[in-house]
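Since the structure comes first, as structure tokens, the remarks are kept for the end.
This structure is a prediction, so every number in the text was calculated from the model and none was measured.
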Amino acid sequence: MHLLPIVSSTILITGGVWVLLRYDPAAVRRRLASQHLDRVQTWWQSRDGLAGRLISAKHRERLAVIGVTPQKYLHDMLLYSIGGLVVGLFILHSVLMAIGAAGVGYLLVWMQTAGRYGRWQREVIGGI
């Protein structure tokens, strides 16, 4: 009767020691990092990557019509916005002016593509 608790506790203690000796924190971190990286890559590759998430489908169609890639559009948008921030902060010395200048940079790129699309529409309708 007294042998069953002794044998079961011995097996549990031995199993616990075996699990503790096999535990490698670095391997667990690597596995978790790998799983996180897989999720990030899946998110990034879905729906045409970042351009697909930041630009609507209708706007991407318009960009395709005028021959501008979504990556080029986002690059120009980012460049003009950061340029506006730099001008506002370092030349005009104002946070509000920096935010306004970044907004103007965004609008300049948007107006440029809207103007190209408008000209394309007039040419197509005028050609018909």
Side-chain angles (χ1 to χ4, degrees):
M1 281 303 242
H2 298 287
L3 191 58
L4 182 63
I6 294 172
V7 170
S8 62
S9 66
T10 304
I11 290 173
L12 287 174
I13 291 172
T14 306
V17 169
W18 180 73
V19 167
L20 287 176
L21 289 175
R22 283 193 66 230
Y23 179 71
D24 182 16
V28 172
R29 280 194 300 271
R30 283 192 302 269
R31 186 174 64 242
L32 290 175
S34 173
Q35 290 171 352
H36 180 69
L37 182 63
D38 291 342
R39 274 188 259 126
V40 168
Q41 286 175 343
T42 303
W43 174 81
W44 185 264
Q45 292 169 351
S46 65
R47 288 190 56 210
D48 300 326
L50 186 62
R53 294 186 181 279
L54 295 178
I55 303 173
S56 68
K58 184 177 181 180
H59 198 66
R60 278 182 291 174
E61 289 174 11
R62 289 180 176 181
L63 290 174
V65 165
I66 62 174
V68 176
T69 64
Q71 289 80 12
K72 172 74 171 137
Y73 178 74
L74 288 176
H75 177 265
D76 289 348
M77 188 83 61
L78 187 65
L79 186 68
Y80 278 57
S81 296
I82 290 175
L85 282 173
V86 168
V87 166
L89 284 176
F90 296 111
I91 295 176
L92 302 174
H93 303 291
S94 170
V95 174
L96 290 176
M97 294 297 275
I99 293 170
V104 168
Y106 171 85
L107 284 174
L108 285 174
V109 175
W110 184 84
M111 288 172 48
Q112 180 185 21
T113 56
R116 280 186 185 173
Y117 185 73
R119 282 191 301 275
W120 175 84
Q121 275 186 324
R122 284 191 299 276
E123 289 174 6
V124 168
I125 292 173
I128 295 176

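Taken together through direct or relayed side-chain contacts under 4.5 Å among Ile, Leu, Val, Met, Phe, Trp and Tyr, Ile91 and Leu85 form parts of separate hydrophobic clusters. Two different hydrophobic clusters hold Leu96 and Leu92 under the rule that ILVMFWY side chains link at heavy-atom gaps under 4.5 Å. A single hydrophobic cluster is seen to contain both Val68 and Tyr106, as judged by linkage of ILVMFWY side chains at heavy-atom distances under 4.5 Å, directly or through other members. Tracing side-chain contacts under 4.5 Å through hydrophobic residues (I, L, V, M, F, W, Y), one reaches Trp120 starting from Trp110; they form part of the same cluster. Hydrophobic clustering (ILVMFWY, side-chain heavy atoms < 4.5 Å, transitive): Leu107 and Tyr80 are in one cluster.
Checking side-chain atoms of Ser34 against main-chain N and O of Arg30 turns up no donor-acceptor pair under 3.5 Å.
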ask   = Do Lys58 and Arg62 pass the side-chain contact (heavy atoms from CB on, under 4.5 Å) test, and can you show the C-alpha distance, the side-chain angles, and the key distance before you say yes or no?
value = CA-CA 6 Å; Lys58 184 177 181 180; Arg62 289 180 176 181; 3.4 Å; yes

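Nearest heavy atom pair, residue Gly84 against residue Ala101, reads O-CB, 3.1 Å. The two residues Leu63 and Thr113 make their nearest non-hydrogen contact at CD2-CG2, 3.9 Å.
Under the side chain to side chain donor-acceptor pair (under 3.5 Å) test applied with Tyr73, the options Arg60, His59, Gln112 reduce to a single match, His59.
Annotation: the span from Ser8 atom OG to Ile13 atom CD1 amounts to 9.5 Å, rounded to 0.5 Å. In this structure, Glu61 CD and Ile55 CD1 are separated by 12.5 Å, a value rounded to the nearest 0.5 Å. The CE atom of Met77 sits 10.0 Å away from atom CG of Leu108, with the distance rounded to the nearest 0.5 Å.
Within 6.0 Å of OH in Tyr117 there are more than 12 heavy atoms belonging to other residues, nucleotides or ligands. Around the CE atom of Met97, the shell of radius 6.0 Å holds no more than 12 heavy atoms that belong to other residues, nucleotides or ligands.
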